[in-house]
Amino acid sequence: MLPRAVVVLGLLPVHSCNTSHLCYALQIEALMMEMQNPDKGIKTQTQKVMITDIPHAVAGKSNDILQWILQRLQITEEEALHLGDLFVKYGYIYPLQEPKNLTLRRDGSLYRFQTPYFWPAQSWPADDTDYAIYLAKKNIKRKGILEEYEKEHYNMLNQKINYKWDFVIMQAKEQYKAGKERKKADRYALDCQERAYWLVNRTPPGMLDVLEYGLDRATDPNENKVNQVRQLIMYCQQAIMKSRVKSSVSLGGLVKYSEQFLSNDPILSGCLPSNPWVTDDPEFWDLNAKLVEVPTKMRVERWAFNFSELMRDPKGRQNFQLFLKKEFSGENLSFWEACEDLKYGDQSKVKEKAEEIYKLFLAPGARRWINIDGTTMGITVKGLKHPHRYVLDAAQTHIYMLMKKDSYGRYLKSPVYKEMLAKAVVPQETVKKSSNFPFGRRHLRSSPSPIILRQQEEEAKAKEAAATVDITQVMSKLDRTWGAVPRLPPRTPRGGGGGVAPNGCPELPPEVGQPSRLSLPPAPPGGGMAQGRVKPSQSFVFKSAAFGAEVDDSAGSRARWPTSECIQPLRGCAPCQGVHPGHPLRGVHPSLQVSCTS
Amino acid sequence: MPGAAGTCAAAQAALCKATAGHRLLVLQLGGSADSPRLREERRRRSAELSAPHPPGLQHTLLAGLRQASASPEERRELERLWVLFLSALELFLQDLRRAHHLCQLFSVQGGGTTLLRTGLGSRGLPSRKGSRRGGGPAQPPATPCLEEEIEQVRATLVEMESRANIPPWTVEATQPAGKGGTAAPAAGAAREGSHAGYWGCAASSAACVFRGLSMFGSGDRD
């Protein structure tokens with residue numbers, strides 16, 4: 001609120017929750033006292049009032065007050081004027097010729113210093129009783145002289161502090177009498193002082209009330225100083241504990257980001273085919289539509305920058321989902337998207353959505369069960385008792401990091417991505433058509449309505465959900481036929497790539513067949529998974545043979561979900577190639593999965 | 001004690017007067033009229049105030065209030081005086097605190113820090129004639145310092161408030177909202193009353209306030 005000048009002086013305000021601008025009061029008081037210095041202070045002159053001379057009037061013109069401030073504080077003239085004006089507004093200096101006009105004029109009008117008793121300090125706010133006494137005194141002095149607003153105040157106070165009223169009147173009379181004993185000049189000065197004080201503290205209507213705190217108002221800013229200081233201490237302690245990054249590091253990050261994204265920036269690097277705002281050609285937008293069939297090359301390249309870029313782009317997610325399906329971890333991305341919908345979607349359906357997500361992804365035996373560690377699962381399930389938009393945050397973060405650290409790397413090297421990259425189109429730069437016909441009616445086409453777009457999206461989602469191949473479904477079907485010798489689907493060689501086996505079981509990617517310490521022998525139908533109950537210290541690899549194998553589990557273990565502590569990416573965890581998130585058998589029924597420790 | 005109210009009223013008036021004088025002196029602290037003499041005077045006055053007066057008044061009031069045999073008017077009067085006394089004390093205490101603050105701000109008899117040039121002359125202290133009490137020996141030898149005074153008055157105030165349970169709102173002002181009071185001479189009252197009547201007509205919202213003025217003749221309008 002006060003200009004820079006105060007800060008220049010090194011007078012910084014005390015941090016306070018109740019932003020009392022009168023924290024500056026002490027500093028202004030110091031300035032006031034400096035002004036009195038006979039050598040370095042302000043020169044004063046005498047005011048002539050009628051026949052009396054009143055000393056100590058200070059001229060406000062460009063000279064005395066203003067010059068003094070300029071010299072003392074070394075600030076610009078505009079600021080000095082503003083600061084001087086504030087001095088007057090707060091009542092440290094009061095004008096003599098136009099008492100009601102509390103501004104610092106530059107035309108040589110006179111001002112005088114206010115007596116310290118009347119300084120606007122917070123230790124004693126302007127009291128109602130005092131004001132009543134003042135008004136009563138004014139009344140006694142010159143009958144009927146009160147202004148309208150003063151009369152209103154007077155009447156209001158009479159009602160408010162009626163019990164003291166006798167005292168008010170008595171005191172007013174006494175003060176009046178006491179004042180009369182002084183000589184005339186002094187009396188005049190005293191009157192001026194007091195009037196100025198009340199002009200500041202009980203502003204007439206229409207005048208700016210500088211003491212008004214506004215919304216930050218506290219009834220008494222000095223109240224509860226202890227609490228204020230406590231809060232300040234807490235704030236400072238927390239500020240100290242905040243983590244810091246070296247500016248060189250953060251700046252380096254910014255530079256790297258800028259360099260990487262420079263080519264993608266349409267303003268800095270131009271955009272192909274052309275900037276629609278310039279050429280009126282919306283082809284750029286069409287080519288970069290949300291779920292366009294063939295994205296632009298630039299866009300696809302961008303997915304390789306980092307994981308968040310991939311996830312931000314719906315087309316990227318779509319492509320990524322394709323890849324994940326091949327790795328049998330499609331439910332991860334689906335889960336992530338479901339969480340996003342929960343967070344940002346229709347909040348009135350939060351409960352239903354959360355329940356559905358739980359049933360589909362989190363419940364033991366869920367159709368598209370995601371693999372998160374026990375702690376997170378515990379937290380999530382607990383939170384789901386009282387669902388809200390952020391209840392799945394922990395699980396979502398977990399899955400996000402999983403995908404980022406694990407699947408993303410492989411995705412970038414996968415044929416799915418490479419194919420997309422090859423397919424991606426590089427639009428030709430169009431030349432701005434010279435409009436021979438400037439006033440011709442351009443055929444403007446509005447983009448498709450968001451409602452329609454959304455409907456299309458939902459349909460696509462539903463289609464995709466229906467088409468999702470669930471290993472668990474298959475497995476559970478197989479489960480039910482336990483006891484009988486299942487017919488194993490014809491097995492393609494282990495080196496086989498994609499493609500779907502006749503009964504709908506997706507083929508396992510080659511990685512599965514990696515040797516490990518302990519591996520199950522290609523199990524005969526009846527026995528394969530007999531060793532299914534693995535000892536914690538051992539690790540398993542499920543060969544393709546195990547895929548169709550029987551579940552030799554007691555019913556009791558069905559409901560058990562693995563306390564898989566392995567969250568490390570497959571790569572980094574060579575010996576344990578059990579049930580990893582990227583693992584082919586991700587969608588396997590829980591009872592088939594085993595806990596593995598690495 | 002029929003005279004109790006009267007004595008108290010007189011004491012109250014004196015208290016008011018002394019408080020007003022004291023306030024005037026405190027007003028000038030830090031300004032051009034500030035001087036060792038002024039401060040001396042102020043100290044003297046506040047000593048007068050904080051030492052003898054309040055206890056006397058206080059005790060009389062208390063005694064009067066305690067008396068069950070007092071008539072209801074008497075009682076009401078005493079209560080009114082009680083409230084007035086408390087208000088006066090409060091004002092005095094406030095002024096003492098301000099004086100304390102200002103004396104610290106402009107310390108060492110005003111010689112150290114430069115005083116503000118407020119336009120008041122350093123001569124012209126109110127004459128001591130009316131306020132001088134007796135001679136030297138009657139005055140306390142050492143005037144208590146400000147902090148002690150403040151503490152003293154504060155203690156008195158607290159004591160008063162706790163001793164007598166008089167809710168302030170039960171006291172009604174005897175003086176009308178206009179100026180002048182019951183103590184003013186009749187002629188003065190009439191003169192003032194006419195103006196007050198004018199007021200009453202001018203502001204309808206204040207009509208209820210001027211209930212007491214109807215007797216002054218609302219026919220007198222300017």
Side-chain angles (χ1 to χ4, degrees), chain A residues 29 32-38 41 44 47 54-58 112-118 121 123-124 127 129-130 133 136 139-140 143-144 151-152 154-155 158-159 162-179 181-183 185-186 188-190 192-194, chain B residues 12-13 16-21 23-24 26-33 80 83-85 87-88 90-91 94 97-98 101-102 105-106 113-121 123-127 168-175 177-181 192 195 198-199 202-203 205-206 208-209:
Chain A
E29 288 172 11
M32 284 295 132
M33 303 213 274
E34 272 190 47
M35 284 196 207
Q36 310 306 318
N37 192 308
T44 56
Q47 177 197 16
I54 313 211
H56 303 156
V58 180
R112 195 179 287 129
F113 294 106
Q114 180 66 282
T115 182
Y117 184 89
F118 283 143
S123 334
W124 53 82
D127 201 23
T129 319
D130 290 342
I133 295 174
N139 244 346
I140 296 171
K143 313 203 191 312
K151 285 186 197 161
E152 271 182 47
Y154 191 72
N155 298 329
N158 178 290
Q159 292 193 359
N162 190 264
Y163 58 96
K164 284 194 187 179
W165 203 254
D166 294 343
F167 168 71
V168 165
I169 301 290
M170 256 201 286
Q171 182 69 216
K173 275 201 240 152
E174 292 301 333
Q175 285 187 8
Y176 178 60
K177 276 193 220 153
E181 290 170 14
R182 306 298 302 266
K183 43 189 239 282
D186 284 353
Y188 182 78
L190 286 167
C192 289
Q193 274 177 5
E194 204 168 6
Chain B
Q12 173 67 27
C16 260
K17 189 177 164 89
T19 317
R23 176 179 175 273
L24 194 57
V26 178
L27 246 183
Q28 296 167 63
L29 281 175
S32 48
R80 186 185 75 93
V83 170
L84 298 190
F85 171 58
S87 317
E90 272 169 15
L91 200 66
Q94 194 181 313
R97 287 202 178 112
R98 295 182 194 195
H101 178 91
L102 288 174
L105 205 56
F106 297 90
T113 341
T114 354
L115 296 168
L116 257 75
R117 286 172 261 175
T118 50
L120 292 162
R123 298 160 306 158
L125 275 175
S127 64
W169 55 84
T170 55
V171 172
E172 257 189 48
T174 58
Q175 312 198 1
K179 328 47 120 171
E192 289 157 1
H195 289 271
Y198 165 74
W199 262 26
S205 60
C208 60
V209 164

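Residue numbers start from 1 in every chain, and the chains themselves are labelled A, B, ... in the order their sequence lines are given, proteins ahead of strands.
A salt bridge does not link B/R98 to A/D127: none of the charged nitrogens lies less than 4.0 Å from a carboxylate oxygen.
Using a 4.5 Å cut-off between heavy atoms, A/T115 touches chain B through backbone and side chain atoms alike. With a 4.5 angstrom heavy-atom cutoff, A/Y176 does not touch chain B via any of its atoms. Neither the backbone nor the side chain of A/E152 comes within contact range of chain B; no heavy atom of the residue lies under 4.5 Å from a heavy atom of that chain. When heavy atoms are compared at a cutoff of 4.5 Å, A/I133 approaches chain B solely by way of its side chain, counted from C-beta outward. Both the backbone and the side chain of B/V26 come within contact range of chain A, judged by heavy atoms closer than 4.5 Å. With a threshold of 4.5 angstrom between heavy atoms, B/L29 approaches chain A through N, CA, C or O but not through any side-chain atom.
Interface check for chain B: of the options A/C192, A/P116, A/A172, A/G179, the most heavy-atom pairs under 4.5 Å are formed by A/P116.
In this structure, B/L24 CG and A/E181 CD are separated by 8.5 Å, a value rounded to the nearest 0.5 Å. With values rounded to the nearest 0.5 angstrom, B/L91 atom CG is found 7.0 Å from A/Q175 atom CD.
Using a 4.5 Å cut-off on side-chain heavy atoms (C-beta onward), B/E90 and A/T129 make no contact. Side-chain contact between B/Q94 and A/D130 is present, with at least one heavy-atom pair separated by less than 4.5 Å. Two residues are said to be in side-chain contact when any heavy atoms from C-beta on lie closer than 4.5 Å; B/V83 and A/D166 fail this criterion. Residues B/T19 and A/E174 are not in side-chain contact: their nearest non-hydrogen atoms beyond the backbone lie 4.5 Å or more apart.
Nearest approach of A/F167 to B/L84, heavy atoms of both residues: N-CD2, 3.3 Å. Between A/M170 and B/A13, the shortest heavy-atom distance links the atoms SD-CA, 4.3 Å.
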| task | Check the pair A/D186 / B/Q28 against side-chain hydrogen bond (donor to acceptor under 3.5 Å, both in side chains), numbers first and verdict last. | result | CA-CA 11 Å; A/D186 284 353; B/Q28 296 167 63; over 6 Å; no

